[in-house]
Amino acid sequence: MQNNVKNIFDSFNDYLVKEQELRTEIRDIVRDIDQAAKEAAIALQVIHSSIADVPAACAKARTFFDTCREGYGKLAVLIPAGQYYRYHDHWHYMTQRIVFLIALTIYLEKGFLVNRETAAEILGLVVNQQQGFHLDIEDYLVGILQLASELSRYAVNSVILGDYEKPLTISKFVADLNSGFRLLNLKNDSLRKRFDALKYDVKKIEEIVYDISIRGLRAEATGAVAATAAPTVAAVEPTIAE
């Protein structure tokens with residue numbers, strides 16, 4: 001082999017070896033972040049079986065978000081400037097899931113939709129693409145669409161647990177979410193397909209609300225609470241504290 005040909009291919013080999021080493025490092029970091037995301041998801045599953053444990057589940061999930069933040073910090077240092085989208089496939093599905101978990105946690109705590117800036121801040125990211133490692137807008141939107149699916153399940157299980165008001169608040173929230181997405185001109189195929197599933201989540205929640213209404217369960221729940229709370233002020237105070 002001629003020396004000039006050997007030199008050319010030696011340089012290619014060096015490049016490929018370094019590229020493989022970088023991708024291996026990325027995968028190792030992503031695996032740690034993904035494990036923390038799984039732990040957060042497990043912590044939040046309690047909302048489907050217990051009303052009282054929801055605040056504790058949210059607090060626990062936030063500790064795992066801190067671990068995710070550390071991982072994203074490592075990725076931000078590792079990824080060469082201007083090459084975010086070259087390696088984006090390693091973490092974008094995971095990021096979508098973490099955004100969903102963050103959005104679910106904040107909805108459970110505060111009852112509103114987390115914006116992109118806050119989700120990015122929790123993960124130690126930025127929203128401006130020009131500033132480097134950021135929270136991609138499509139990753140944020142897919143995560144929010146995953147939230148709608150989880151809330152439809154939450155609405156069902158809230159009824160099972162005897163909370164007949166929760167599906168009504170969820171219904172309004174998801175309806176507003178649906179209206180917001182309808183303002184977007186969606187061209188991305190995967191995002192569009194995910195948005196198409198939102199109408200089924202809306203329909204499912206509306207059916208739950210309809211069943212609650214025609215069965216008069218809200219009135220029964222209100223009457224039961226009034227009957228329990230009436231005897232003394234002392235009996236009311238623990239309920240308020242909860």
Side-chain angles (χ1 to χ4, degrees), residues 40-59 61-62 96-119 122 137-186 190-229 239-240 242:
I42 291 171
L44 290 172
Q45 284 304 298
V46 74
I47 69 173
H48 298 294
S49 58
S50 171
I51 297 174
D53 294 335
V54 170
C58 292
R62 282 186 175 274
Q96 292 166 7
R97 186 168 66 255
I98 296 174
V99 168
F100 147 63
L101 294 170
I102 290 172
L104 176 60
T105 300
I106 290 179
Y107 175 79
L108 293 170
E109 291 175 338
K110 307 293 185 180
F112 57 74
L113 176 65
V114 64
N115 59 33
R116 184 182 170 209
E117 289 76 10
T118 301
I122 289 172
I137 189 169
E138 291 183 357
D139 290 343
Y140 167 77
L141 291 174
V142 172
I144 298 306
L145 287 169
Q146 291 178 15
L147 171 65
S149 296
E150 187 71 8
L151 289 180
S152 68
R153 179 187 172 203
Y154 185 39
V156 173
N157 289 318
S158 294
V159 173
I160 294 172
L161 294 172
D163 186 347
Y164 303 120
E165 295 297 326
K166 186 69 67 180
L168 278 76
T169 58
I170 291 175
S171 179
K172 184 180 185 308
F173 176 83
V174 175
D176 289 344
L177 203 60
N178 184 47
S179 298
F181 270 95
R182 289 185 180 279
L183 297 175
L184 303 179
N185 183 18
L186 299 176
S190 61
L191 184 56
R192 178 71 199 185
K193 289 177 182 176
R194 199 68 193 77
F195 169 62
D196 288 341
L198 178 58
K199 63 176 177 287
Y200 297 106
D201 296 325
V202 172
K203 184 174 183 293
K204 180 178 179 180
I205 297 169
E206 286 176 345
E207 289 174 348
I208 296 168
V209 172
Y210 174 74
D211 284 345
I212 291 173
S213 299
I214 63 172
R215 295 172 189 273
L217 294 176
R218 290 186 65 197
E220 291 174 12
T222 303
V225 170
T228 304
T239 304
I240 296 174
E242 292 174 3

Where at least one partner belongs to residues 41-57, residue pairs that pass side-chain hydrogen bond (donor to acceptor under 3.5 Å, both in side chains), sequence neighbours excluded = Q45-R153, H48-E150, H48-R153, H48-N157, S50-D53
Report the distance from atom [atom1] of [X] to atom [atom2] of [Y], rounding to the nearest 0.5 Å.
X    : Y    : atom1 : atom2 : answer
I144 : R194 : CD1   : CZ    : 11.5 Å
R192 : L184 : CZ    : CG    : 10.0 Å
L104 : S149 : CG    : OG    : 11.5 Å
I214 : I212 : CD1   : CD1   : 10.5 Å

Does any pair with a residue in residues 108-119 pass salt bridge (Lys or Arg N to Asp or Glu O under 4.0 Å), and if so which ones, sequence neighbours excluded?
-> R62-E109
Taking every non-hydrogen atom, the tightest pair across [X] and [Y]:
X    : Y    : answer
A155 : I208 : CB-CD1, 3.9 Å
A43  : A57  : O-CB, 3.3 Å
L198 : A148 : CD1-CB, 3.3 Å
N115 : Y140 : CA-OH, 3.6 Å

I want to check something: taking the side chain as every heavy atom from C-beta on, are [X] and [Y] in contact at a cut-off of under 4.5 Å?
X    : Y    : value
L141 : F181 : yes
F112 : I106 : yes
L147 : V114 : no
T105 : L44  : yes
V142 : L191 : yes

Yes or no on side-chain contact (heavy atoms from CB on, under 4.5 Å) for V156 and K204, after CA distance, side-chain angles and deciding distance?
-> CA-CA 9 Å; V156 173; K204 180 178 179 180; 3.8 Å; yes
Decide side-chain contact (heavy atoms from CB on, under 4.5 Å) for N178 and F195; before the verdict, give the C-alpha distance in whole Å, the side-chain angles of both, and the deciding distance to 0.1 Å.
-> CA-CA 8 Å; N178 184 47; F195 169 62; 3.8 Å; yes
N/O donor-acceptor pairs under 3.5 Å from side chains in residues 168-177, not counting sequence neighbours:
unit_1 : atom_1 : unit_2 : atom_2 : d
T169   : OG1    : K166   : O      : 2.8
K172   : NZ     : D176   : OD2    : 3.2

